[in-house]
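Everything below concerns the one structure shown next.
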Amino acid sequence: MNISSIKKDYLYRLAKQGKRPDGRATSEYRPITIERGVVNMAEGSAMVSIGNTTVLAGIKMDLGEPYPDTPNKGALSTAAELIPLASPDFESGPPRENAIELARVVDRGIRESGTINLEELCIEPGEKVWVVFIDIHILDYDGNLFDACSLAASAALLDAQIPNERFEMGENRPLPVQDPPISCTFVKYNGTIVVDPSLEEDEVAEARYTVAVDKNGDIRAMQKGLSGSFTVDEIRQSIATARQMAPTIRKILEG
Amino acid sequence: MNISSIKKDYLYRLAKQGKRPDGRATSEYRPITIERGVVNMAEGSAMVSIGNTTVLAGIKMDLGEPYPDTPNKGALSTAAELIPLASPDFESGPPRENAIELARVVDRGIRESGTINLEELCIEPGEKVWVVFIDIHILDYDGNLFDACSLAASAALLDAQIPNERFEMGENRPLPVQDPPISCTFVKYNGTIVVDPSLEEDEVAEARYTVAVDKNGDIRAMQKGLSGSFTVDEIRQSIATARQMAPTIRKILEG
Amino acid sequence: MNISSIKKDYLYRLAKQGKRPDGRATSEYRPITIERGVVNMAEGSAMVSIGNTTVLAGIKMDLGEPYPDTPNKGALSTAAELIPLASPDFESGPPRENAIELARVVDRGIRESGTINLEELCIEPGEKVWVVFIDIHILDYDGNLFDACSLAASAALLDAQIPNERFEMGENRPLPVQDPPISCTFVKYNGTIVVDPSLEEDEVAEARYTVAVDKNGDIRAMQKGLSGSFTVDEIRQSIATARQMAPTIRKILEG
Amino acid sequence: MELIKDGKRLDGRKPDELRPIKIEAGPLHRADGSCYLEWGGNKIIAAVYGPKEAIPRHIQNPTRAVINAKYNMASFSVGDRKRPGPDRRSREISKITSEALENVILTEMFPRAMIDVNIEVLDADAGTRCAGITAAAVALADAGIPMEDIPVACAAGKVGDTVVLDLMGEEDQEGQADVPLAIAPRTENILLLQMDGHLTVEEFDRALELAMNGCQQIATMQREALMKKYQSFEED
Amino acid sequence: MELIKDGKRLDGRKPDELRPIKIEAGPLHRADGSCYLEWGGNKIIAAVYGPKEAIPRHIQNPTRAVINAKYNMASFSVGDRKRPGPDRRSREISKITSEALENVILTEMFPRAMIDVNIEVLDADAGTRCAGITAAAVALADAGIPMEDIPVACAAGKVGDTVVLDLMGEEDQEGQADVPLAIAPRTENILLLQMDGHLTVEEFDRALELAMNGCQQIATMQREALMKKYQSFEED
Amino acid sequence: MELIKDGKRLDGRKPDELRPIKIEAGPLHRADGSCYLEWGGNKIIAAVYGPKEAIPRHIQNPTRAVINAKYNMASFSVGDRKRPGPDRRSREISKITSEALENVILTEMFPRAMIDVNIEVLDADAGTRCAGITAAAVALADAGIPMEDIPVACAAGKVGDTVVLDLMGEEDQEGQADVPLAIAPRTENILLLQMDGHLTVEEFDRALELAMNGCQQIATMQREALMKKYQSFEED
């Protein structure tokens, strides 16, 4: 029996008693802190901590061509870098499946919520638009990257200015952003479902479920991951929990 | 003695008796079937089977700049994907030497035969031309990819329409294609030369020779491969065999 | 005790006696030969030997856009290929750290010396400039690549013509080049510092120091490499040695 | 574009109706198991190789088999030519497909092994990830890989303010939400679930119900396709 | 732009004056050792993992640990967005940083091991390679890696015909020379030294003297940051 | 452009005439064997390393040596700068060159070994693959690699409706067909044969005859170059 199966056993036994390794209740979120404007060179930035997990999102904007099928809209590109700074398990090099899934889920939440008014980022239809790059660096990995990255991306967008001055196009003005999504992630292990997993819980998780809700409590994006399964009732219950939590988290984000 | 050398021995003994593992004569081709228009989204497509080998070629066209040395001509790009679907020996990832050689030999046959009238694909000399992409996917590998890919590429070209509508340039019209090459491939093992090698024959082949002939029986492209050698007489005899077979295959292709 | 530590021991013992494996004094350079114009297809070229180390630099020029921050200047790009031809230790594939450091140090020497008059390479400010590509191939590696590559790059530049004819822009004319830097490289092992290291000395080197001086003896670039260290006095002494040697080497280069 | 008119969709379907589906088990000779699937305008082929020794070694798991699904779109399967090779979208789909299939495969029977599942999209018309999982499941069964159940996938979504089953191309592009779902049909456990767009909780419940239903219909077709192949063997 | 006016620099500093520097040891929880550094407009974070078994095996050295420093600039840390991933500049800096740190680490204590040193530039304002080495050194000490000395780095240069210490952004862009230096502060042995620009021998001597001085000042701040962390432990 | 005028070619050659060729064996010090070759406007250098243990291990063949030929064009060897690194053309040439050389090398003498053959095109003027094989063969002999025969290569082709030997640059670009050939000169066995263009069977026979003849002439020069090097050793 190796260390990892001892740890698993320990978490399983705790779970049977409805307990989590850090003493939280199954539907209890860790403290969230958000600091905006931490990177001077970025158009916008935010450092977000959920417990000991810390991520930094930065926004950069550049001029580019619109996509052929959306000539009147700016473009959005989201990337997450699991830099080896944050965990001994992250490797340098091109993004791997985990980083790609993470970035795409964050991107979908923001895109489907209409968070950025992309029409306002069109300069010359079919020719020239603003491209918004959201780059997220994981600095300290202690579980639940999906929610931390989603929050950091939203907070950085709320902080961002369109860099008209750098492109000699007049004065900077705020990026048109509204109603970012609130993402809530759950993992399941040995039959228990917990919100906002810690690192240890991420490590033993059999299934993961993320749902992004808007300010009306409507659903904008979801993603089930890992090889475990959920029942329909478990999904419904998780959505309900997420809708309960979202207003509190939204207040921290927008406050 | 391992499986592969037992197989080799078996083929060698058969070859001494002038026999092949599937009972064919040395200059006997397997049945060929060609189905055009199998892919709705492609400009043209064809599924070709030679025995149990099956490949699918699809044509896509896009607008691009001409090469500087041929400002009045459209461009052609041929790629073959040895996708792992078709054989346990194929790997995913960027194309390897075998796929590159295969695609380049198919490309040379089509290019040197003047199969596509590239002048007619010029829209604005030096500025804008049609680029024709031939992409060939191997679906089931049972020997003789060179001929199967060449046939599929030609059949897909014969099926193709210039996609003027997608680019809002008027009505679609047939791609100007004529006189595709007929490719004939031979392999040599233990002194015997056979046409249209099966998978087992490909596996023990010491040398490979492909020749593409036009409708007049003239030679348009050839490629000798693998580390074995041929004599001048063997090459001449193979060319003669190819010229005999070509009209029958051409009938299947154009019919 | 393996071959490499025997070799190291041997060099250390020699060094104690102030000797080097090929009998040179510590501040003695090997014979230099420079042959210009060896590649017909290049805009300029030079083959340089320092002892048995041989490198070939070729210049190619192309039209391109200037960098946004230098709209009135041509651009320079320097690459070194440690092709496996030159040493059993070089690998094919994308350039590795050693090749990148080498190319960047050569590039800095040339750039900081103002060797190429980049303003004269501007054709249309902000739109079209000449891009100068220096590509250096190592052919035979017997130590001291930094100096050999720097010399070859400078000699090839002195040989280069702007290829106006190939671009139908009038007659070719000499590339505006003046006062190339002279690079001098030292390595330190077991407390001894030697100039122009041979292969064996490169192999046991603990620290490396390269300095590029101009015709006035001023310093234009330097690079300390490897995990060993230098004292301030050792650096000063090396600069003095380099300034003494530079005029002789410059004569060979420009002569 | 009016996506729903008189209760009918662009292609004449009712909201809860699937597109025509054709499943053939075992069309390929070389693969250990295979499946050809037509689903509306989608054409998908899936092939399975394994279990075999996992290579390179560092990917081996000492207690179970590794499932390595690769979803790939042919360059000519879409409107504008797709560059060959995996992009970010296909890498995400490969990952979640591998995870969904791993759920039902008895992987602990084959320690240190790998099972390759190759999914090729030859012609694309929305819903290719669900079609790919459905075809891969049949190919796994055809290869004789032991599974708890044969997974099946189907999407629901919202177009023209109506929750509908199984979006086709135009509905996918112009629609308001898409909910791909994969399940193990016996238990109705959810193996894959994604959503993007805008749904109220009630609409999501309805979409999930429709997709669950669609899955069960397709599961029947999967079993029929496998039966047909085994019967044809017996007839030989 | 007039870089020196009345003996003062753009930001009001004297020629031999450092920018404000703030060093925090151990801000990260996951890393074995870490450091957060603000230096003028630079924001740098460094993390150390190891010693641990070197992987892949072929990079192992049977007699000592391998030092694997990676310098990386965040895409948003500069004016125009930097493409993610290593470019030629960052690969050169990673190489010379690895070499400089290797000099002081007692690598022969850990045969076949590797020590990863990750340096992230979050905000860039000239002098990031020196800031990175300085932060990495604190992170190594925080990780308890045995070292002969704690390396420290600082640049000098020439702007407006004056030799100055510690160039900031505009000085770096418009200046006449830049001389980054890293030393082991006890012996003043030179671990890293680069130069580009145009300096007479006398100017270079002056620049080296200034940089050496700057290094010693920063070495004091490094030690204070480490002391502060250990004291806070004792207070707990 | 009129490629043939009064029975003469652009450079004054007769149809069956080779360009001037200069072969030097062993010009490099570091390589185990090497060759420098000038052939018309082509300048080629070839170097051989090995036999040595094949790395990485998975490429080892337990019964024979692996031949690893790499054909590479210098970025400055052609009119417009070539991007450094292998492209599809050079990878095809590397493959068929490896195969041609493998035919004559007694590879079964060196199980699990590899022999690296590096071919660098420094200056290109048509026919570089033939020149590369010819140079590589001399380098292999210079390295003392045991071979059944010393391979040699030469192209023929068709320009201005005439079948000619050894096309130079303009003939290659404007010509009607090109037939590169490599043989083992003693047996005249064909090791490499390609063709593109348009030839009747009779023209192809003539081209093959010319190329075969050219090969034999060059084979003599190869042997002379090797003799010259060995003689110079004896004279020492």
Side-chain angles (χ1 to χ4, degrees), chain B residues 2 4-5 67-70 77-80 94-105 107-114 179 181 188 205-214 216-236 238-240 242-243, chain F residues 62-64 66-70 79-80 86-105 107 148-149 151 158 173-174 176-184 187-205 207-209 211-212:
Chain B
N2 55 23
S4 96
S5 59
Y67 290 108
D69 51 342
T70 54
S77 166
T78 307
R96 287 157 178 271
E97 274 57 26
N98 288 335
I100 289 171
E101 186 188 14
L102 175 57
R104 285 178 60 84
V105 171
D107 186 276
R108 276 205 286 271
I110 286 167
R111 196 180 292 272
E112 301 298 336
S113 305
D179 302 334
K188 180 176 173 181
E206 294 147 18
R208 190 192 63 241
Y209 175 67
T210 299
V211 57
V213 298
D214 65 18
N216 300 318
D218 289 353
I219 304 167
R220 298 296 189 139
M222 55 175 71
Q223 178 91 345
K224 181 260 160 188
L226 306 184
S227 67
S229 66
F230 289 101
T231 64
V232 170
D233 281 347
E234 287 168 344
I235 293 294
R236 285 194 182 132
S238 299
I239 294 172
R243 294 176 80 209
Chain F
T63 66
R64 58 174 192 79
V66 172
I67 309 304
N68 178 31
K70 292 265 182 248
D80 290 321
D87 55 13
R88 290 167 63 91
R89 176 179 169 277
S90 68
R91 288 174 71 185
E92 184 196 351
I93 296 177
S94 293
K95 178 180 190 286
I96 57 178
T97 299
S98 298
E99 291 168 347
L101 297 175
E102 193 182 318
N103 185 272
V104 295
I105 297 172
T107 53
E148 284 175 17
D149 200 354
K158 183 176 164 190
Q173 270 160 41
E174 308 288 328
Q176 296 151 294
D178 186 25
V179 185
L181 173 77
I183 61 166
T187 58
E188 297 208 330
N189 277 343
I190 294 172
L191 309 181
L192 176 144
L193 174 62
Q194 296 182 292
M195 182 268 182
D196 61 84
H198 185 173
L199 292 178
T200 64
V201 172
E202 294 71 29
E203 286 168 338
F204 171 70
D205 283 349
L208 200 56
E209 191 191 341
M212 198 62 93

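Fair warning: this is a prediction, and the values are worked out from it, not measured in the lab. Lettering of chains follows the sequences in order, A, B, ..., and the numbering in each one begins at 1.
Between F/L193 and B/M222, the closest side-chain pair of non-hydrogen atoms falls below 4.5 Å. Contact check for F/E209 versus B/V232: no side-chain heavy atoms found under the 4.5 Å cut-off. B/Q223 has its side chain within reach of F/E92: a pair of non-hydrogen atoms, C-beta onward, lies under 4.5 Å apart.
The distance from the CG atom of B/L226 to the CD atom of F/E102 is 9.5 Å, given to the nearest 0.5 Å. We find the CZ-CE distance between B/R220 and F/M195 to be 8.0 Å, quoted to the nearest 0.5 Å. With values rounded to the nearest 0.5 angstrom, B/E97 atom CD is found 12.5 Å from F/I93 atom CD1. Within the model, atoms CD of F/Q173 and CG of B/D69 stand 7.5 Å from one another, a figure rounded to the nearest 0.5 Å. Here B/R236 contributes atom CZ and F/D205 contributes atom CG; the two are 4.0 Å apart, rounded to the nearest 0.5 Å. Annotation: the span from F/I190 atom CD1 to B/T231 atom OG1 amounts to 7.0 Å, rounded to 0.5 Å.
For B/K224 against F/L191, the heavy-atom pair with the smallest separation is NZ-O, 2.6 Å. Here the shortest heavy-atom pairing between B/S229 and F/N103 reads N-ND2, 3.6 Å. Of all heavy-atom pairs spanning F/R88 and B/T78, the tightest one is NH2-O, 3.3 Å.
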*Report the C-alpha separation of F/E203 and B/I219 in whole Å, then their side-chain angles, then the decisive distance to 0.1 Å, and conclude whether the side chain to side chain contact (heavy atoms under 4.5 Å, CB included) test is met.*
CA-CA 9 Å; F/E203 286 168 338; B/I219 304 167; over 6 Å; no
*When you look at F/E99 and B/R208, which way does the salt bridge (charged side-chain N to carboxylate O under 4.0 Å, His left out) test go after all the steps?*
CA-CA 11 Å; F/E99 291 168 347; B/R208 190 192 63 241; 5.7 Å; no
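Only the backbone of F/L192 comes within contact range of chain B, with heavy atoms under 4.5 Å apart. Proximity to chain F (any heavy atom under 4.5 Å) is restricted, for B/R243, to the side chain, taken from C-beta onward. Within the 4.5 angstrom heavy-atom criterion, only side-chain atoms of F/L208, from C-beta onward, approach chain B.
In terms of non-hydrogen atom pairs under 4.5 Å with chain B, the most contact-rich of F/E202, F/Q194, F/E188 is F/Q194. Contact count versus chain F (heavy atoms, under 4.5 Å) is highest, among B/V213, B/N98, B/T210, for B/N98.
More than 12 heavy-atom neighbours from other residues, nucleotides or ligands sit within 6.0 angstrom of CZ on F/R89.
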